[in-house]
Amino acid sequence: MKAIGIVGSPRKNGNTEIMTKHTLRAIEEEGIETELITLAGLNIQPCNACNACANKETCPIDDDVFSIYQRMKAADAIILASPVYYGSATSLIKALMERTGHMGRSQGRIWSGKVGGPLVVARRAGQNFTFAQLTLWFQILGFFIPGSTYWNVAIGREKGEVEKDEEGLRTAWNFGKNVAFLVKKLKT
Ligand SMILES: Cc1cc2nc3c(=O)[nH]c(=O)nc-3n(C[C@H](O)[C@H](O)[C@H](O)COP(=O)(O)O)c2cc1C
């Protein structure tokens with residue numbers, strides 16, 4: 001059993017990464033293997049609508065997406081985490097969602113039945129909209145999305161500030177526990 005957390009911030013060691021690691025620790029505690037993937041510094045291009053993936057599990061865009069896609073495919077749970085940029089998820093994570101979502105859908109609903117959900121951090125506003133954006137990806141692809149004790153959103157601006165948001169981190173932790181619970185229920 002494996003869960004992966006994908007951090008869609010272009011900034012390494014930032015608040016989104018801290019929040020995601022926190023969630024992964026809660027999952028790991030339940031005996032599930034975890035992996036953190038940070039998109040910062042990677043080459044992640046948007047979908048160009050060529051539809052090559054409609055017939056074959058491939059993507060002609062030569063960047064870092066295909067290897068991430070394969071790791072996502074092998075996981076039982078996927079967490080997509082993004083900071084809010086101008087009221088929205090980052091273009092970095094959005095590009096990954098377009099590409100992997102499309103590739104997977106053309107392969108016979110490979111995401112269906114996996115567990116997943118979003119994590120969001122912002123300085124002040126836009127968390128719920130971004131949370132909904134990410135949730136829509138999980139929904140259309142047939143993931144099971146566990147809840148928590150609040151929406152999985154937190155507050156922080158400068159690197160590390162999210163550590164002060166005790167409720168935000170607690171929500172992320174409880175979400176991780178529910179992810180682990182559901183993965184175990186589905187796999188055993
Ligand atoms: C380009 C850009 C746009 C941003 N837009 C918003 C915004 O719309 N709302 C908000 O509350 N914070 C906004 N922020 C602040 C980030 O969401 C915040 O600093 C967050 O903690 C960054 O996460 P990270 O440390 O994982 O990179 C923005 C930051 C940047 C760089």
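Only this structure's heavy atoms are used, side chains among them; waters, hydrogens and symmetry mates stay out. These figures come from a predicted structure and were not determined experimentally. Start at 1 and go down the list; that is how both ligands and their atoms are numbered.
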### Task
Mind running salt bridge (Lys or Arg N to Asp or Glu O under 4.0 Å) on E17 and K12 for me, showing each step along the way?
CA-CA 7 Å; E17 190 172 325; K12 279 207 165 97; over 6 Å; no
### Task
Dump the intermediate steps for side chain to side chain donor-acceptor pair (under 3.5 Å) on N174 and T149, then the final yes or no.
CA-CA 7 Å; N174 293 336; T149 38; 2.9 Å; yes
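Screening K2, E29, E28 for a side-chain hydrogen bond (donor to acceptor under 3.5 Å, both in side chains) with T34, the sole residue that qualifies is E28.
With sequence neighbours left out, the side chain to side chain contact (heavy atoms under 4.5 Å, CB included) criterion links W151 to N128, F131, V153.
Within 4.0 Å of ligand 1, protein heavy atoms come from S9, R11, G14, N15, T16, P83, V84, Y85, Y86, G87, V121, A122, R123, R124, A125, G156, R157.
Ion pair E57/K73 flagged as a salt bridge, since at least one NZ, NE, NH1 or NH2 atom sits closer than 4.0 Å to an Asp/Glu carboxylate oxygen.
Between V7 and L36 there is a side-chain heavy-atom pair separated by less than 4.5 Å.
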